[in-house]
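Residue numbering restarts at 1 for every chain, and letters A, B, ... go by the order of the sequence lines.
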Protein chains: 4
Amino acid sequence: MKVGIVGANGYSGVELIRLLSQHPHVDIDMLISHSTSGTHIHEIYPHLCGICEKKLEQADADEIAKRVELVFFSTPAGVSQGLIPELIEKGIRCIDISGDFRLKEAEQYEKWYGRECVANPDVLQQAVYGLSEFTREQISVAKLIANPGCFPTATLLGILPAVELGLIAPHTIIIDGKSGVSGAGRGAKQANMYSEVNESIKAYKLGSHQHIPEIEQAITEVAQQDVKVTFSTHLVPMTRGILCTIYAELKASQSSEAIIEAYKSFYASSPFVRIRELGHWPTTKEVLGSNYCDIGLLADERTNRLTVVSVIDNVVKGASGQAIQNMNILCGWDENTGLTMTPVYP
Amino acid sequence: MKVGIVGANGYSGVELIRLLSQHPHVDIDMLISHSTSGTHIHEIYPHLCGICEKKLEQADADEIAKRVELVFFSTPAGVSQGLIPELIEKGIRCIDISGDFRLKEAEQYEKWYGRECVANPDVLQQAVYGLSEFTREQISVAKLIANPGCFPTATLLGILPAVELGLIAPHTIIIDGKSGVSGAGRGAKQANMYSEVNESIKAYKLGSHQHIPEIEQAITEVAQQDVKVTFSTHLVPMTRGILCTIYAELKASQSSEAIIEAYKSFYASSPFVRIRELGHWPTTKEVLGSNYCDIGLLADERTNRLTVVSVIDNVVKGASGQAIQNMNILCGWDENTGLTMTPVYP
Amino acid sequence: MKVGIVGANGYSGVELIRLLSQHPHVDIDMLISHSTSGTHIHEIYPHLCGICEKKLEQADADEIAKRVELVFFSTPAGVSQGLIPELIEKGIRCIDISGDFRLKEAEQYEKWYGRECVANPDVLQQAVYGLSEFTREQISVAKLIANPGCFPTATLLGILPAVELGLIAPHTIIIDGKSGVSGAGRGAKQANMYSEVNESIKAYKLGSHQHIPEIEQAITEVAQQDVKVTFSTHLVPMTRGILCTIYAELKASQSSEAIIEAYKSFYASSPFVRIRELGHWPTTKEVLGSNYCDIGLLADERTNRLTVVSVIDNVVKGASGQAIQNMNILCGWDENTGLTMTPVYP
Amino acid sequence: MKVGIVGANGYSGVELIRLLSQHPHVDIDMLISHSTSGTHIHEIYPHLCGICEKKLEQADADEIAKRVELVFFSTPAGVSQGLIPELIEKGIRCIDISGDFRLKEAEQYEKWYGRECVANPDVLQQAVYGLSEFTREQISVAKLIANPGCFPTATLLGILPAVELGLIAPHTIIIDGKSGVSGAGRGAKQANMYSEVNESIKAYKLGSHQHIPEIEQAITEVAQQDVKVTFSTHLVPMTRGILCTIYAELKASQSSEAIIEAYKSFYASSPFVRIRELGHWPTTKEVLGSNYCDIGLLADERTNRLTVVSVIDNVVKGASGQAIQNMNILCGWDENTGLTMTPVYP
């Protein structure tokens, strides 16, 4: 199958190239970038020399429709809302790694993203939220997949089973997220300079992160009640990786062992979720470069709270890897096709 | 004043040397180390060449009492319980950076530290908990100061004002702590090797960290009710620094601005606590190498929760710096004597 | 083909597992480790959960010969000298990532490794030095391949073409090597603790590194004259990666462009060596996780010296990747079978 | 003494603030910045809250002359050439941390800095090269001090004694420099983003670095012969620190011990240079935050070459610290006044 990547010159874009170059059923036919069209991708990213040396092109819906069957979007906020409706109309399936189609209500988008929502409400409703482990069926027939954000992926895979199984009180959920710097993209910002980030940890966007409504929307749907969460994000001096520590009150006393078993059952047919044994906590390094989400759990009887630790590689399971997983589901291929790489350790 | 350092060959020990070498009223007369006695400190730490080249000695209470007036302990768990009572009897004042005298109840120590408490209960009661900003008066007349742990320092400076001012419900406190690796000391452990820690974040000791009873004891005292907290610790790929994110339910709706003002008043005469303006969050780099504790605050009306972010340099305000601050209070010197160094930035 | 890994619990061992799990013609049948036999590999390395959960076994030549056709050794100095001769006799092909069979003269081994050489001189002579790009023919018929060291790989791929093409005066070669910490293995040593390595660079083993005779032996053979080199190694705060900067006097004035072209021709049929254009210098990140060796070149007419910058991932091309490349050559498979992974960037 | 800082909002500027805030004889009276005038320094650098909260001002020669006696320049290339001549005329002493007055020949400046030299040739000749350990006498009477670059400081302190003592052949000098990222300043450039620099080492500006003519000028003067050097720079994933490894042919066979003794004598009255014992090599961490330059030496009889390893904190001895050292010499104060801080370790 021929695919294209819009926003190919960003980190999620080159990660799609890395992963798709190992995919047996896919050829990358188009690399699209507004800001760097005309140059070749390996001139911007020398690590791709000899692997992918395609020229970056301008986005043109007709041209795209002529050459590829499916398009990945790894673009800044606002871009895909403009281009995707036209492509869908032409029968091109789209997987959007940006946040443009994740929120079902336009006002929510406008409030949290601070920009106008120009997407057609119909298309917004059509978009399937691509949290693979939870929406496989809808994904398999989708025209447009809204790939989840990196923090929401780690958070929801960590806490949704407890919500669905009725173990916790949803309105008590507090999420403390920690992310590597690659999540901020490749644009040159002073705050993300090496000398500013190294040997430092900081909190940012507390109470105002655009992933808050996305997390609440997903939990609300599963909990079948309106849920508000406290969600804090921290920047950690590392390139890749997200770790979310999630706290919630247990509805009833439960042993850690029982909860761990419940999670194992829940994810029994999900090849990318690995539940750790009691007392073992995952590290982001243990999933680096891979599509895994590793989860550790503790039910603390002293405080009657559940603590969940969930780790992913933000560029893989939190972006490009999950996008490919969704493509696999959509195309009827094995969910882990092209995604069986072992984490790079150390 | 002549002072000695027991456990001089650890990170807190050499940090005491760094800081005391700038102190106008103190001479370091004895460096004591069980494991490395006989060698010179600059042979172990070449950065001290030409600055401090003293020979490390064995601990001998008589010798110590003859030569110094005050002793700092930066020793592994269990060491100071053995030596301090004898020194106090000889009239030597002691500041213990280890956890040996922080918990008032021996059973708590035995439960959380996993070792027998051999300290005389009287001495245990005599020990003053040296959270400088909260116990100045007791410190000023103490014979033995139990210097707070690194996580408790960041946590308590961050949340105790809210407890004391009655802003929050103490039993809802959740603390998400993140620490650099130096907190684990200099001993060679596989888990703290560079290749294991770098480009990774992990949770550890969830629900079982020995700082939990210390935090609960301090909050319980201020809240005047029995308080249990959820406390999680994470290892971050950096050498120095602790950031604690603390969550609690607000008793009544409050604006962030009002809380920030309340904290500023609370700490008005505390030179080392700096409260950030609304929307500004401190980073550990902004206190690196200094004795500051910087605090940011948010009252989120969506969730009715308070979020506090508190940062310190774990080796300074979280250990050796606060020990010197306590010495200053004890000796009647200005609290910031010898501690006015600017953070090293970047 | 069934293979075994002796020393499977070290970094090169788990990297073999990572890479071989993508190899179409190979099954890992035995994981062998003296120190951790009896445990399962994923208990030591949780990133392997669900990927490889084999039990580690003791080394037993008969058992090995019964179950596998080829054995990789990623063992500490001295181990493979003991076991390999027996295996070869039994017809098992061996690829030794350790330094035990690289030096042709036992005295050299004893001088630089500081330990007795117990290898049979015949076996020592039989061993083929596995610098894939230079010894393909011998590798293809070898019984025992001595896989090059990490620094020698980067150095020799960088400078041997200039030696062979007669561009430089071999006795003027100076190599300034920089390595990430993973090269030192997983053993817990104070010098490699995170807090000691982070935010620091240091030189080590100057004039005494065991890779010196290996480099000299290889250059001497190509130059057909006795060559001594100056070789310095530095530890850089990163996990993976080696960068060698190599200096030598040009025999005759040459343009950088001409030399770059000469190198491109030299490596035209070597899929893993990538020569950069003039003014472009490779970074270790651009080869991370891959088997590439990227090379930049400058002929400086001001000083009449050639400067070569050569980068590899020390765990891949500098160890396990090259070992698999050698296995491919030995087995008559395409040289890059199972090794086509794209560098992980960023 | 009242002083001003032009370019106060850069890393060298805030480091001057950090160091001068401990200096007993100096008050910072003016902070000057073209790009950020009007704001307060602690708004840009929150680590300065409560320490220095001055407003940044525009540069105005009359105003400066009215308010301060000495001005530090930590400005981008080209700035100080414009302002310093006017200030000198008004009797204000200037210490320029930028490269504007280091090269005696305008053509050299124009060739290597790629910009017009607008400095009056007289002023250029008047400028004293402020390598404190070598030019104390001229510094003590200077009107304008051209503070050395970071790489030249580490290089020259490392190799000039060998040149002056006639131990090595100057035309064989090769310098392999490694630097942390702070040397590139605070400006947002993609190449210095965390995700690009972390877990990577790279070479840059080979054969074209503007510090080459500065190093050659200084060696040429001491060697009293025209010297060209090979100088390569590498970017290391750390914030602070420079390590230069310097290679040169020995004129005559010498023991390492003899050379180490010669260096110790040479620097006997230089409080900031520390010579390591044989077999001990300095790390950048061992000088971090301090004004020290630590040096290790090896004379290798196998190759008849001298290897020198020299480390500094680029922001201190490589910039602001040496600037203050020069001010101390100029003002007749003890050379180490305000500069006795111990390195921050770990």
note = Heavy-atom nearest pair, A:A218 first then A:L156, reads CB-CD1, 3.5 Å
request  = Name the member of B:I174, B:L235, B:V287 that forms the most heavy-atom pairs with chain A at distances under 4.5 Å.
outcome  = B:I174
B:E221/B:K104 salt bridge by N-O under 4.0 Å criterion = no
request  = Please flag which part of A:H171 lies under 4.5 Å from any non-hydrogen atom of chain B: side chain, backbone, both or neither.
outcome  = backbone
Can you list, pair by pair, the side-chain donor-acceptor contacts under 3.5 Å of residues 297-304 of chain A, counting residues two or more places apart and other chains?
| from | atom 1 | to | atom 2 | distance (Å) |
| --- | --- | --- | --- | --- |
| A:D300 | OD1 | A:R302 | N | 3.1 |
| A:D300 | OD2 | A:T303 | OG1 | 3.3 |
| A:R302 | NH1 | B:E216 | OE2 | 3.4 |
| A:R302 | NH2 | B:E216 | OE1 | 2.6 |
| A:R302 | NH2 | B:E216 | OE2 | 2.4 |
| A:T303 | OG1 | B:T230 | OG1 | 3.3 |
| A:N304 | ND2 | A:L250 | O | 3.3 |

ask   = When only heavy atoms count and the cut-off is under 4.5 Å, which of residues 195-203 of chain B reach chain A?
value = B:S195, B:E196, B:N198, B:E199, B:S200, B:I201, B:K202, B:A203
message = So, using side chain to side chain contact (heavy atoms under 4.5 Å, CB included) as the criterion, who are the partners of A:A262 when residues are at least two apart?
response = A:L165
query = Which residues from residues 238-246 of chain B are near chain A, with near meaning under 4.5 Å between non-hydrogen atoms?
reply = B:M238, B:T239, B:R240, B:L243, B:T245
request  = Determine yes or no for a side-chain-to-main-chain donor-acceptor pair under 3.5 angstrom, with A:Y267 supplying the side chain and A:L157 the backbone.
outcome  = yes
inquiry  = Counting heavy-atom pairs under 4.5 Å with chain A, which one of B:T307, B:D176, B:T283 comes out on top?
reply    = B:D176
query = Among side-chain atoms of A:S320 and A:Y11, is any donor-acceptor pair under 3.5 angstrom?
reply = no
task = Measure from the ring center of B:H234 to the ring center of B:Y204 and say whether it is less than 6.0 Å.
result = no
request  = Compute whether any side-chain donor of one residue and acceptor of the other, for B:D294 and B:S310, lie under 3.5 angstrom apart.
outcome  = no
query = In terms of heavy-atom pairs under 4.5 Å, which option from A:R305, A:K228, A:H280 contacts chain B the most?
reply = A:R305
task = Tell me whether the centres of the aromatic rings in B:F151 and B:F231 are closer together than 6.0 Å.
result = yes
inquiry  = Using a 3.5 Å distance criterion without hydrogens, assess whether the side chain of B:Y263 forms a donor-acceptor pair with backbone atoms of B:G158.
reply    = yes
ask   = Between B:L288, B:V229, B:T284, which residue shows the highest count of heavy-atom pairs closer than 4.5 Å to chain A?
value = B:T284
Toward chain B, the part of A:P237 with a non-hydrogen atom under 4.5 Å = both
B:K264 bridged to B:E277 by N-O distance under 4.0 Å = yes
message = Is there a side-chain contact between B:Q210 and B:Y109 in this structure, where contact means two heavy atoms from C-beta onward sitting under 4.5 Å apart?
response = no
